[in-house]
Amino acid sequence: MEKTFLMVKPDGVQRNLIGEIVHRFEKKGFKLCAAKLMQISDELAKQHYAEHKERPFFGELVQFITSGPVFAMVYEGENVIKTAREMMGKTNPAEAAPGTIRGDYGITVGKNIIHGSDSPESAEREINLFFSESEILSYTKQD
Ligand code: CMP
């Protein structure tokens, strides 16, 4: 079954949105396999955002994601990568539809509340960056 990596960014944690965000994915029916509140190191931030290292906003991105705790999660479910991205809304909250997480709560592209893997390859890479195998639980969930 497909898995994805989702993370409430420091702005989402500061604004008390962890519960609201977890609630949305729980209600949707996806299975939570792992979760932790953590402080991202400079090194982990640079690894996580490696594909953006040539972008002019890379320094700002690393500085922001390490500025306070994040809430990292792994969810499992059919089509969870694409569906979670749809539930998050467009990267720029100004363009994100109402009803999506960024559309409802975000304002700027830098502080856009939540990160979600954009492909099966990035999901695998990001899950392995943030979680050890023993932290990812396998259990049966009733539909
Ligand atoms: P995320 O999905 O975490 O992946 C890359 C992040 O880069 C993205 O969310 C945005 O928060 C951030 N980003 C994209 N464009 C800009 C920008 N112009 N300035 C600052 N941050 C940006």
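One-based numbering, in listed order, for ligands and for the atoms of each.
For Lys36, the NZ atom counts as densely surrounded, since its 6.0 Å shell holds more than 12 non-hydrogen atoms of other residues, nucleotides or ligands.
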Output block, N or O contacts of ligand 1, threshold 3.5 Å exclusive:
unit_1, atom_1, unit_2, atom_2, d
ligand 1, 2 (O), His115, ND1, 3.4
ligand 1, 3 (O), Lys9, NZ, 2.7
ligand 1, 3 (O), Tyr49, OH, 2.7
ligand 1, 3 (O), His115, ND1, 3.0
ligand 1, 9 (O), Lys9, NZ, 3.1
ligand 1, 9 (O), Asn112, ND2, 3.4
ligand 1, 11 (O), Lys9, NZ, 3.2
ligand 1, 11 (O), Val109, O, 2.7
ligand 1, 11 (O), Asn112, OD1, 3.4
ligand 1, 11 (O), Asn112, ND2, 3.3

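Between His52 and Phe57, the angle of the ring planes lies from 30° to 60°, which puts this pair in the tilted group. The aromatic rings of Phe131 and Phe5 sit perpendicular to each other, their planes meeting at more than 60°, with 30° as the lower class boundary. Ring geometry for His115 against His48 counts as perpendicular: the plane angle is over 60°, on a 0 to 90° scale with 30° as the lower cut.
Under the side chain to side chain donor-acceptor pair (under 3.5 Å) criterion, the residue pairs touching residues 96-110 are Glu20-Tyr105, Arg24-Asp104, with sequence neighbours excluded.
Residue Met73 comes nearest to Val8 through the heavy atom pair CE-CG2, 3.8 Å, listed as atom of the first residue, atom of the second, then distance.
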